[in-house]
Amino acid sequence: MNFQVKTYEGVSSKIKSSSQKLSLVLLADLHQQIFGERNDVLLDKVSACRPDAILIPGDMVVGKKGCTTQIAEETILSLAEIAPVYYANGNHETRMKKQKKRYGSLYERYRSKLKTGGIHFLENETAHMCIKGVPCRIYGLELSLSFYERFRKIRLEHEEIVARIGEPDPDCFNILLAHHPRYGDSYFQWGADLTVSGHIHGGVIRLGKRAVLSPDGRIFPKYGYGWFEKEGSYMAVSSGLGEHSIPFRILNPREIVQIVIKQEVPNGDTRKTTGI
């Protein structure tokens, strides 16, 4: 079992000098997978990216009966030794949280261990950090499970996002952790400078850069995989590191995503994308 390191680059007017380049690592949908002993292969690759922060938009666990959170706990706590970790829930964490008759106190124990270990666990909350002199605000958006239902058309209104996490801070570089990429248009409208998502696992099958199938039954989802730009804002959708119900991938490798945000330069290339 292996994975790739995918690198995306963008620019921002909020980066005032070349020395303020932001280096961020996005990890999504681990689903209790292990790469090497105690995930040492994964940890070494993340460390090699030299991130200023590690962003996790959910689904590090598998929310099924009899599940365990041990691998996710150990891995995330080890990540915190590399860089500050910001974690928002995906549908699997939210399922564990809401369905107490099935999972008992598993979610509360999991959250407590991570928070005690220094993880910034954001449940419709925000956190502030300064990276190389750039003020950054990180928002963890947690949606109700109804937003993940299969074959159901539901809109995420701007007012819903604001009610959960407030408005973006105009004085900061705003990073939104939002597990489900289906609502990408809403995230751009809300005003995130950078949104990071997962959930779709790259579409199980990928044709070039196009994800073929989303978990909620949609074919060729608009924000299924990759790097998207709209009016100076960006969205990165990871193919993730694991899977659960559909245990295979076709032309769709697992991945770590490195995101580099640099100073805006006139006539510069704002869409460089590389794979390692």
Side-chain angles (χ1 to χ4, degrees), residues 5-28 43-58 76-88 114-115 117-141 161-162 164-178 187-197 227-238 256-274 276:
V5 179
K6 190 78 172 180
T7 303
Y8 299 120
E9 292 186 3
V11 300
S12 174
S13 61
K14 296 178 180 179
I15 310 297
K16 303 302 182 182
S17 73
S18 59
S19 64
Q20 293 181 314
K21 179 173 67 176
L22 308 184
S23 177
L24 309 167
V25 164
L26 159 60
L27 300 177
L43 295 167
D44 287 347
K45 287 293 185 180
V46 172
S47 182
C49 292
R50 302 179 65 183
D52 298 307
I54 298 168
L55 311 175
I56 300 177
I76 295 168
L77 290 172
S78 294
L79 287 169
E81 299 176 9
I82 299 172
V85 177
Y86 296 85
Y87 185 169
L114 293 183
K115 293 183 77 169
I119 307 304
H120 300 274
F121 207 93
L122 304 176
E123 300 170 280
N124 287 326
E125 297 170 304
T126 73
H128 183 274
M129 74 176 298
C130 195
I131 303 175
K132 299 169 184 171
V134 179
C136 299
R137 187 165 290 281
I138 301 98
Y139 301 76
L141 178 65
I161 300 177
V162 172
R164 291 175 183 270
I165 58 174
E167 299 279 4
D169 187 336
D171 298 320
C172 292
F173 185 84
N174 295 287
I175 301 171
L176 176 62
L177 313 184
Y187 306 149
F188 278 120
Q189 181 189 12
W190 177 75
D193 295 296
L194 171 67
T195 299
V196 295
S197 299
W227 183 242
F228 304 90
E229 179 186 5
K230 185 175 183 180
E231 299 176 355
S233 297
Y234 300 95
M235 180 175 178
V237 183
S238 172
I256 291 172
V257 178
Q258 182 177 29
I259 301 167
V260 178
I261 306 294
K262 302 188 294 185
Q263 181 186 22
E264 190 170 23
V265 178
N267 301 317
D269 178 7
T270 66
R271 300 187 183 184
K272 182 177 179 183
T273 302
T274 60
I276 301 175

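Put simply, the side chain of Y8 does not reach to within 4.5 Å of the side chain of Y234, judged on heavy atoms. Two residues are said to be in side-chain contact when any heavy atoms from C-beta on lie closer than 4.5 Å; D193 and I261 fail this criterion. I138 places a side-chain heavy atom less than 4.5 Å from the side chain of L177. Under the 4.5 Å side-chain criterion, counting only non-hydrogen atoms from C-beta, F228 is not in contact with K230. Residues L176 and I161 fail the side-chain proximity criterion, which asks for heavy atoms closer than 4.5 Å. The shortest side-chain heavy-atom distance between F173 and P135 does not fall under the 4.5 Å cut-off. In this structure the side chain of L141 never reaches within 4.5 angstrom of the side chain of L122, judged on heavy atoms. In this structure the side chain of K21 never reaches within 4.5 angstrom of the side chain of D52, judged on heavy atoms.
Listed here is the closest heavy atom pair of S197 and A28: O-CB, 4.4 Å. Counting all heavy atoms, side chain and backbone alike, I165 lies closest to G140 at CG2-O, 3.8 Å. Considering every non-hydrogen atom in both S19 and K132, the closest pair reads O-CD, 3.7 Å. Heavy atoms only, all atoms of each residue included: S13 and E264 are closest at CB-OE1, 3.6 Å.
Put simply, OG1 on T7 and CD on E9 are 7.5 Å apart, with the number rounded to the nearest 0.5 Å. Atoms OH and CD, on Y86 and E125 in that order, are 13.0 Å from each other to the nearest 0.5 Å. Atom OG of S12 sits about 8.0 Å away from atom CG of L22, to the nearest 0.5 Å. Rounding to the nearest 0.5 angstrom, the gap separating the OG atom in S233 from the CD atom in Q189 is 12.0 Å.
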Could you please spell out the steps behind the side chain to side chain contact (heavy atoms under 4.5 Å, CB included) verdict for D169 and Y139? CA-CA 10 Å; D169 187 336; Y139 301 76; 3.7 Å; yes
Between V25 and L27, does a side chain to side chain contact (heavy atoms under 4.5 Å, CB included) hold up when you go through it step by step? CA-CA 7 Å; V25 164; L27 300 177; 4.0 Å; yes
For a side chain to side chain contact (heavy atoms under 4.5 Å, CB included) check, start with the C-alpha distance between V196 and I259, then their side-chain angles and the critical distance, and finish with the verdict. CA-CA 10 Å; V196 295; I259 301 167; 3.8 Å; yes
Between Y87 and H120, is the side chain to side chain contact (heavy atoms under 4.5 Å, CB included) condition met? List the steps. CA-CA 6 Å; Y87 185 169; H120 300 274; over 6 Å; no
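Listed for the Q263 side chain is no donor-acceptor partner under 3.5 Å among the backbone atoms of I15. Remark: side-chain polar atoms of K14 are paired, donor with acceptor, to backbone N or O of C172 under 3.5 angstrom. Checked by atom type and distance alone, the side chain of N174 never pairs as donor or acceptor with a backbone atom of P168 at under 3.5 Å.
Using modelled atom types and a 3.5 Å distance limit, the side chains of Q258 and S23 yield a donor-acceptor pair.
Listed by chain and number, the residues in a side chain to side chain contact (heavy atoms under 4.5 Å, CB included) with E81 amount to none (sequence neighbours excluded).
Remark: of the listed residues P84, P51, C136, C136 is the sole one forming a side-chain contact (heavy atoms from CB on, under 4.5 Å) with I131. Among L194, V260, I54, the single residue meeting the side-chain contact (heavy atoms from CB on, under 4.5 Å) criterion with L24 is L194.
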